[in-house]
Protein chains: 2
Amino acid sequence: MEAEGLIAHDVLAVVLRMAPSSPEVLLWQRAREPHTGRWALPGGRLGATEDVEASVRRHLAEKVDLGEVAHVEQLSVFSDPHRGPAPRRVATAFLGLVPSDADPAVPDDTAWHRVDALPETAFDHGEITRAGLERLRAKLSYTNIGFALAPEVFSISELRGLYAAALGHRVSATNLQRVLTRRGVLVPTGSTAAPGPSGGRPAALFRFSERHLRVTDPFATLRPPERDC
Amino acid sequence: MEAEGLIAHDVLAVVLRMAPSSPEVLLWQRAREPHTGRWALPGGRLGATEDVEASVRRHLAEKVDLGEVAHVEQLSVFSDPHRGPAPRRVATAFLGLVPSDADPAVPDDTAWHRVDALPETAFDHGEITRAGLERLRAKLSYTNIGFALAPEVFSISELRGLYAAALGHRVSATNLQRVLTRRGVLVPTGSTAAPGPSGGRPAALFRFSERHLRVTDPFATLRPPERDC
DNA sequence: ACAAAAGTGTTGGAACTACACCCATGC
DNA sequence: GCATGGGTGTAGTTCCAACACTTTTGT
């Protein structure tokens, strides 16, 4: 019999990377019961001496080089009593983002899977993955979170592809460039990329002005008066 | 000795209400160790047959009439191993909002406290309260979350006061009205309020068009093309 | 020259801020 | 009338989407 009211607490990471046509999520294949053979999110038990963010970073480090993870944020708690077989488990899920040019080494049991064609997932990990993608989509609209999807330096076409993969619809390169530069999110590097084999004008290269999350679309009426920053 | 890796899981509610000059939070005064006499957020143990949202509503119902709580959303997990005395506890915090005209009956040990002058709080509950206010401020900018702060029917001046209390700075009534009506968030009721004792034109009364959270300020470049909704 | 890829100019419209002005009431 | 609180008109600005057009490359 378990101690009353004490619950196993897990942390989970939805690690997303934008492939040309779809977001991909990092999953590993379970070798043991329950749900043997199904694909699960990286994660594990919350340790006695760490908070949830430290814990998720520790568990993630077993699957992927943390240096490749450009952004981590808390997503949500999943606590349905029937989210998995007994004994009960509560999980704090995180969203992690890996730039599209990173291809970190992963263990044999671990692989990237297209989010639009997930394999059979363990527990509620499919639902958690979709929640992570939803969060990313929302934040692309009003923050500079794209920095965590893009290489250090990139062309507007590349960036357009990343936004399109995340959002699931076409994005105008022209307007993406103008909006993001107007807001100071993007800055030109001055250099250009070599054209492809079929020619074309060389693309100007940009970088994100900041590599930390920032809200870029505040509701101006509600900004403090007087002093601009 | 405790079962290894099993942790007590609490839920907590930051319940905010806008008073004329400051946000207020609902706190109760602890009668037992630890932290006897300090003020704590409503909440308690996660039960065996409920998820965290059901749990926080159950605990909250002991302090306040749930019918008065217009909006509840998950805030964040607080899990620092040293956030309180042993044994360790992890808490999922929620943000709850009560309209300014509601004055629900509360138990003797429970009272509203100005957030800008919190009493000595138990554990990390002061920090959690401030996180809740931060979330509210951010969401006022790009959602219709004001519905949960305002009475069913209100004048623009009243609404301006609620926004100003939440944000901590002056808000223009003129522009607040125009932006919110343009976005379809506010609709006029057609009736007016009686003027105060010193006269003045009677204020037109409005209501929120929806009483559920909705994002009102999407980044248009990133909207799906073709079909408008 | 031509195709391909990238970037710029431009136009019409919508959204926003600030400020002046007008309206309806109590005294 | 006058003070008070509330609402509207409007000008100037910025922001934005769409689309045509130009630039720079490879073949």
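What you see is a predicted model; the values in this text were computed from it and never measured. Chain A is the first sequence line, chain B the second, and so forth, proteins listed ahead of strands; every chain is numbered from 1.
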Base, backbone or nothing for each nucleotide of nucleotides 2-12 of chain D, written B, S, -, heavy atoms under 4.0 angstrom, 5' to 3'? --BBBSBBB--

With [X], which residues qualify under side chain to side chain donor-acceptor pair (under 3.5 Å), at least two apart?
X: Glu68(A); value: none
X: Arg57(A); value: Glu53(A)
X: Ser76(B); value: Gln74(A)

Which nucleotide in the list dT25(C), dC15(D), dT17(C) gets nearest to the side chain of Val179(B)? dT17(C)

Between [N] ([atom2]) and [X] ([atom1]): distance, integer Å:
X: Leu176(A); N: dT8(C); atom1: CG; atom2: C1'; value: 16 Å
X: Arg182(B); N: dG13(C); atom1: CZ; atom2: C1'; value: 13 Å
X: Arg183(B); N: dA15(C); atom1: CZ; atom2: P; value: 9 Å
X: Leu180(B); N: dA15(C); atom1: CG; atom2: P; value: 14 Å
X: Phe154(A); N: dA6(C); atom1: CZ; atom2: C1'; value: 15 Å

Show me, pair by pair, the donor-acceptor contacts under 3.5 angstrom made by side chains of residues 152-159 of chain A, not counting sequence neighbours?
unit_1	atom_1	unit_2	atom_2	d
Glu152(A)	OE2	Arg207(A)	NH1	3.3
Ser155(A)	OG	Glu158(A)	N	3.2
Ser155(A)	OG	Glu158(A)	OE2	3.4
Glu158(A)	OE2	Ser155(A)	N	3.0

With sequence neighbours left out, the residues meeting side chain to side chain contact (heavy atoms under 4.5 Å, CB included) with Asp10(A) are Arg45(A), Arg89(A), Ala91(A)

Taken in chain and number order and not counting sequence neighbours, the residues that satisfy ring-ring contact (aromatic ring centres under 6.0 Å, His included) with Phe123(A) are His35(A), His125(A)

With axes from five pairs an end, tell me the bend angle of the helix from dA1(C)-dT27(D) to dC27(C)-dG1(D), nearest 10°. 20°

Within the distance-only criterion (no hydrogens, no angle test), does the side chain of Ser209(B) pair as donor or acceptor with the backbone N or O of Gly184(B) below 3.5 angstrom? yes

Can you give each donor-acceptor pair under 3.5 Å made by side-chain atoms of residues 101-111 of chain A, sequence neighbours left out, with the distance rounded to 0.1 Å?
unit_1	atom_1	unit_2	atom_2	d
Asp103(A)	OD1	Arg17(A)	NH1	3.4
Asp109(A)	OD2	Lys63(A)	NZ	3.3

